[in-house]
**Q** 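First, the structure itself, so that you have it in front of you.
Order of appearance sets the numbers: ligands from 1, and atoms from 1 within every ligand.
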Amino acid sequence: MASRGNADSPSLQQQVEILKQQLAQAQKLTALGELVGTTTHEFNNVLMTIINYAKMGMRHKDGPSRDKCFEKIYAAGKRAANITNTVLGMARNRSAVQEPTDLTLLVENTLLLLEREMNKYRIAVEKKFQPIPEAYVNGNQVQQVLLNLLINARQAMPSGGRLFIRLAHDAENDMIDLVVRDNGCGIPVEKLPRIFDSFYSTKDGPDDSGKGGTGLGLSMCREIIESHHGRIRVESTIGKGTAFTLKLPTASKAAAKRPPLCAPLAPQPNACNRPTVSS
Ligand SMILES: Nc1ncnc2c1ncn2[C@@H]1O[C@H](COP(=O)(O)OP(=O)(O)O)[C@@H](O)[C@H]1O
Ligand SMILES: [Mg+2]
């Protein structure tokens, strides 16, 4: 018999709801924590660039050298602003609003955040971006998914490797395909069905950059993609690598699915909520 709740003891269903909310909160905090780790590191690199060029500018008094130093400082400053805006945007914007989004730009910006990390671990990034229509997504959430997939891929290639990222329009289904493929360790076939489970992890804990090991990354990815009416699929071969494919709706597909602002009752002029012009 299903247990009922009273004032003192919540029912099983209420307990499940509370635990689900706590899990969602833990997922968000994990994502934010990893992002802060990535961006703090990147930010520090940018600061070193600024400090070094400022020192150089103080040493060299001639105009051309100083101009060059200012240019470098300006470029590094803009990069720093870009980095902090990404974190602030993610921390502030907790809304789940989905809107037409340029996924190519989003992928480029996300790769920019991880550029130095990928260099450090000797991972070559190959991009194949086909022209795609806008996707109907929440940019922050898709960026979280992408960061998770990229960091997992990096962690699967501890002694370097190749990361392949592809964007394409699946015209037949009017969906955007985003593929993240690595040539890392791969996932054993018997473990594949578990990787999307909350708290499933084969890592000992966070690595020295503070990432991974919670087992919350892919469960969050799946939840986000499902809330977008998308799909997430994985293919993997031990010793060869892993590919995650995301399928996300285009803005036109999402618009076609949304109910019209008003249902046309009869074919009358101005029957819909279109703005009319009167003089
Ligand atoms: N690209 C990948 N290559 C190999 N294994 C992977 C990859 N992505 C995910 N995995 C496996 O799936 C598990 C769950 O991933 P995730 O939910 O991100 O948790 P975490 O990274 O904290 O372990 C990982 O521990 C790892 O075993
Ligand atoms: Mg992970």
Side-chain angles (χ1 to χ4, degrees), residues 19-20 22-41 86-87 90 107 110-111 113-114 117-128 140-167 177-228 230-247:
L19 285 173
K20 271 190 183 168
Q22 287 176 346
L23 174 61
Q25 194 58 21
Q27 284 173 327
K28 275 188 199 152
L29 286 176
T30 305
L32 198 58
E34 291 196 351
L35 182 71
V36 170
T38 305
T39 44
T40 310
H41 194 78
T86 307
V87 190
M90 217 182 251
V107 175
T110 311
L111 285 174
L113 274 182
L114 291 177
E117 181 165 332
M118 293 301 177
N119 280 342
K120 181 178 162 195
Y121 290 92
R122 283 179 291 131
I123 290 164
V125 179
E126 272 176 51
K127 298 181 275 190
K128 191 171 174 198
N140 278 337
Q141 293 180 352
V142 172
Q143 190 171 40
Q144 280 179 28
V145 171
L146 190 57
L147 277 169
N148 268 305
L149 297 182
L150 294 171
I151 291 166
N152 277 344
R154 195 268 284 160
Q155 291 177 328
M157 301 184 283
S159 40
R162 296 168 90 81
L163 187 68
F164 178 73
I165 296 146
R166 176 170 169 263
L167 269 173
D177 288 355
L178 170 54
V179 181
V180 176
R181 181 192 300 276
D182 63 64
N183 68 347
C185 58
I187 305 168
V189 78
E190 71 277 9
K191 290 189 176 154
L192 268 182
R194 301 190 55 198
I195 61 168
F196 293 100
D197 292 350
S198 303
F199 303 112
Y200 175 79
S201 177
T202 56
K203 298 166 195 170
D204 295 334
D207 65 9
D208 47 8
S209 69
K211 294 181 193 126
T214 59
L216 289 175
L218 287 179
S219 68
M220 186 180 67
C221 292
R222 186 176 62 179
E223 219 165 278
I224 290 177
I225 298 303
E226 282 176 358
S227 75
H228 282 81
R231 306 271 305 273
I232 180 164
R233 205 176 62 210
V234 59
E235 290 161 84
S236 191
T237 312
I238 278 290
K240 286 204 163 162
T242 306
F244 284 88
T245 303
L246 306 180
K247 283 187 113 56

**Q** Is the positively charged end of Arg154 above the ring of Tyr121, judged by distance under 6.0 angstrom from the centroid and angle within 45° of the axis?
**A** yes
**Q** Taking the side chain from Asp182 and the backbone from Leu163, do they hold a donor-acceptor pair closer than 3.5 Å?
**A** no
**Q** Between Ser227 and Gln141, what is the shortest heavy-atom contact and its length?
**A** OG-OE1, 4.2 Å
**Q** Look at the side chain of Thr242 and the backbone N and O of Glu235, then say whether any donor-acceptor pair between them is shorter than 3.5 Å.
**A** no
**Q** For Phe199 and Leu216, run side-chain contact (heavy atoms from CB on, under 4.5 Å): C-alpha distance rounded to whole Å, both residues' side-chain angles, the deciding distance at 0.1 Å, then the answer.
**A** CA-CA 5 Å; Phe199 303 112; Leu216 289 175; 3.7 Å; yes
**Q** State whether the number of non-hydrogen atoms from other residues, nucleotides or ligands found under 6.0 Å of Lys240 atom NZ is greater than 12.
**A** no
**Q** Using a threshold of 4.0 angstrom between heavy atoms of the protein and any atom of ligand 1, which residues qualify?
**A** Asn152, Ala153, Ala156, Asp182, Cys185, Gly186, Ile187, Ile195, Tyr200, Ser201, Thr202, Lys203, Gly212, Gly213, Thr214, Gly215, Gly217, Leu218, Thr242, Phe244
**Q** Could you grab the protein N, O or S atoms closer than 2.8 Å to the Mg ion (ligand 2) for me?
**A** Asn152 OD1
**Q** Does either side chain, that of Lys211 or that of Gln155, offer a donor lying less than 3.5 Å from an acceptor on the other one?
**A** no
**Q** Is there a donor-acceptor contact under 3.5 Å from the side chain of Asn183 to the main chain of Gly161?
**A** no
**Q** Determine whether Leu111 and Leu150 satisfy the following criterion, side-chain contact (heavy atoms from CB on, under 4.5 Å), listing intermediate values before the conclusion.
**A** CA-CA 9 Å; Leu111 285 174; Leu150 294 171; 4.0 Å; yes
